[in-house]
Amino acid sequence: MGLHPLEFSECYLDSPSFRDKIRAHEAELDKTNRFIKELYKDGKNLINATKQLSMAQRKFAQCLGEFQFEYIGDAKTDDEKCIDDSLQEFSSFLRNLEDQRELMMRNITETLMKPLEKFRKEQLGSAKAERKKYEKETEKYYTSLEKLLNMSAKKKEPQLQEADMTVEGMRHHFQEESLEYVCKLQEIQERKKFECVEPMLAFFQTVFTFYHQGFELAKDFDHYKRALQINIQNTRSRFEGTRSEVVELMKKIKEAPQEYRQTSPISSEGYLYVQEKRPPPFGSSWVKRYCTFVKEQKILHMVTFDPKSGGKLGETESVTLKSCVRKTTDTLDRRFCLDIEITDRPGTVLTVQALSEDDHKFWMQAMGGKEPVHYLGRTYSKERGSINDQGLYRVVGVSSKVQKLLSLMIDEKSSDVDLAVCEEWDVKTITSALKLYLRSLPEPLMTYGLYKEFIVPAKGVSPEARVQAIHCLVHKLPEKNQEVLSLVTKHLANVAAHSKQNLMTVANLGVVFGPTLMRPQEETVAAIMDLKFQNIVVEILIEQHEKIFGDAPSTCPASAISPLAPTRQSKKQSRQSRPLAVYNPQVLDIHTVSVSPSSEGVSLAPDEASLGSNESVSSQSSTASVSETPPEKSKNSLSCTLPITASQNSGGSTAMASWMNSTFSPSTPEPGSEGSEEAATAAGGHEDKPAESVTQMKAKAVYSCEAEHDSELSFQVGAIFTDVTPSREPGWLEGELEGRRGLIPENYVEML
């Protein structure tokens, strides 16, 4: 049973049981007081601990935000830029979360701590004061009563009456105090039920609000997370390809280090030990210096540098070379020495020592006369198979069969080989021979001379500028190179159109054919780091094939690529309401294939939504990629028509042209059948259709958007826009929706 109710009538009797009931109520209030004090103390500890956690989280976020990755090379891909910005995004996410936590802490203080402390001080404190007052009145009344009862009856009547009246007044006052105290006790007992629990409810509501805000932040972060996973997978795929190329180059350098020594027509560099003569009897000493010889001015720059001493640079000394002769061991008991006569100090001869016999020859050639330095050519292995076969142009053919087929094709004396009916030549052998031929050309299809010019646009930021610049550069190629490149990329566009079956997306084909169609004249690590930009160039050629090879560019500005494309800072989007990357999440449903330029295997991973490398790096430059609107072509044929001329391969061009102009068909349908018509379409390319008028273009919203300015449109997912045209403002389109025309974020829609 709970506490007994305190009856007001019992205040007049003041019985022992009544006093026991009062003590029980007082004990309950004391327990409540201790509970609130302990809860208040634990609450303050909780708030302090949460503040410490928040401070640690904010410090962690600050550390993330301040760090920035450094990249090898002079430019980054779009994927690398997104990865570079990811730490700032993570930092921003944590700061937003901690802002919500700080708000929660303030609410807990206001809704829980202060109300509980107020109840304890005002209500329980007043009950305690009433208790003291009640006990004081009790003692006063009963003391007076005892004095009255102990008075002698012989006292005069007036004295007795006065004493009776005094005690009666005290008793009346005591009973009133007792009534008020009982009322106060019962009031507080009832009040504590809601005065204590209501702040608790507010506390939990605050906590739940915080967790809900965290859930909303995570939901807003989900789109960015999925896009970043694609960026990471794309970068990982390129890393695997780059690593294999670097390892291959390292092996070649190990085999013939002198052939890969850093040199240029302007200068030669390397370590030399320089003899420093001292006055007798101290003799001479040899100091290791890093030397750079500028050939045209014949100036030798020498800087003291010893890696063993921590790599500190010393003073630089420069001398002008007059002549250089070999120092024989007859005059100096040291090998690999040279005597250098300098014009700065007539009659002075500087003796230097090379590091080896080969190094000695190198410096002799550099200082005494020019001699060409041969570099080993780079070789790549680019393989894959049929139009619907998974991993087309990645599966490698048998080397002996590939070489045999290539020899037959380039031999003018050999008879024609019908690839469509000859069972000896399977698809992977044919495709491997095609790539080997292109790779073995004395000069790549896109020429050494234009290599750097093609790489520059790929490092630009603006997708439109990339396409424009590459369009201009393609038309600078020799006529035959341009014609062959057009046929190759048209065929690759057909392959990409069947990517759902063969898993060879535009991005994967770019990885395979980037180093095949274009490569630098010299092999260096810096050149290998540009492989990713070669891939981007080929992706653009595939995606924009019709535009680039259809017509000559109307204008070709001197600098088609701006290092920093303009951005719309005034319309910066917050992650809470808008996506943070221009990636279409629909690509996560496509099967993926991880491609590495030099690996001979293929890794097929269907439905890996979060790690798929399905979208080309350059896809942002196109409103509709080849893989999104595949032309109707044969599902069983692989078509590639290439007119190869004698200018590209002396000794076998006629037969090779015959081969390249044939159609590869793993299975040939009967004439007149539907499959035959499709094969013909595949061999000759899909029929040109009249382009839709720009004013008739439509787009579909893939994200919802709330307008921030009067010039923008608000819309929900699935909204259809009509009369869509490019806007003057980069990153925006113009279109009509429900009779209103306005701006549309380009990365919020897909073209229909």
Side-chain angles (χ1 to χ4, degrees), residues 246 248-378 520-527:
V246 171
E248 185 66 25
L249 177 60
M250 181 182 66
K251 290 179 181 178
K252 292 179 182 179
I253 293 177
K254 284 182 178 179
E255 294 171 359
Q258 288 301 322
E259 297 187 19
Y260 285 88
R261 182 163 184 171
Q262 288 284 350
T263 186
S264 72
I266 301 174
S267 63
S268 299
E269 301 179 28
Y271 282 103
L272 289 172
Y273 280 86
V274 181
Q275 185 184 35
E276 293 187 353
K277 297 179 181 180
R278 300 177 182 177
F282 299 104
S284 62
S285 62
W286 294 83
V287 180
K288 186 177 182 180
R289 294 191 174 185
Y290 191 79
C291 300
T292 303
F293 180 66
V294 183
K295 298 178 182 179
E296 187 174 350
Q297 287 86 13
K298 291 189 175 183
I299 297 177
L300 180 66
H301 302 285
M302 301 176 291
V303 57
T304 304
F305 180 80
D306 190 355
K308 294 188 298 183
S309 62
K312 274 190 159 185
L313 284 174
E315 295 183 358
T316 301
E317 181 182 0
S318 299
V319 295
T320 304
L321 181 71
K322 182 178 181 181
S323 64
C324 174
V325 295
R326 179 186 295 273
K327 186 82 169 179
T328 63
T329 55
D330 297 337
T331 56
L332 181 64
D333 191 17
R334 276 180 176 261
R335 298 186 300 164
F336 321 135
C337 291
L338 303 170
D339 275 344
I340 301 173
E341 186 178 358
I342 55 179
T343 60
D344 308 68
R345 297 188 291 266
T348 303
V349 175
L350 188 66
T351 303
V352 298
Q353 183 181 26
L355 305 183
S356 64
E357 182 63 34
D358 290 337
D359 194 47
H360 182 266
K361 292 178 180 178
F362 168 81
W363 284 108
M364 283 290 292
Q365 292 171 355
M367 297 181 183
K370 295 182 179 179
E371 183 174 328
V373 179
H374 299 285
Y375 287 84
L376 293 176
R378 180 190 295 179
Q521 194 164 6
E522 294 182 355
E523 278 190 279
T524 62
V525 173

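- Of the inter-residue distances, the one linking Gln275 atom CD with Ile340 atom CD1 reads 12.0 Å to the nearest 0.5 angstrom.
- Under the 4.5 Å side-chain criterion, counting only non-hydrogen atoms from C-beta, Leu350 is in contact with Met302.
- The aromatic rings of His360 and Phe336 are tilted relative to each other, their planes meeting at an angle between 30° and 60°.
- Contact of the Arg334 side chain with the Tyr273 side chain is not registered, since no non-hydrogen atoms from C-beta on lie closer than 4.5 Å.
- The structure places NE2 of His301 at 10.5 Å from SG of Cys291, a figure rounded to the nearest 0.5 Å.
- Put simply, the side chain of Lys298 does not reach to within 4.5 Å of the side chain of Thr343, judged on heavy atoms.
- Interatomic distance, Ile253 CD1 to Glu248 CD, rounded to the nearest 0.5 Å: 11.0 Å.
- Taking SG of Cys324 as the start and CE of Met364 as the end, the distance is 5.5 Å to the nearest 0.5 Å.
- Distance check, rounded to the nearest 0.5 Å: OG1 of Thr304 to CZ of Arg289 gives 4.0 Å.
- Within a 6.0 Å radius of CD in Glu357, more than 12 heavy atoms belonging to other residues, nucleotides or ligands are found.
- Formation of a donor-acceptor pair under 3.5 Å by the Asp339 side chain with backbone atoms of Lys327 is not found in this model.
- Here the closest heavy-atom approach between residue Ala354 and residue Leu272 is recorded as CA-CD2, 3.8 Å.
- To the nearest 0.5 Å, the span separating CG on Leu300 from CH2 on Trp363 amounts to 6.5 Å.
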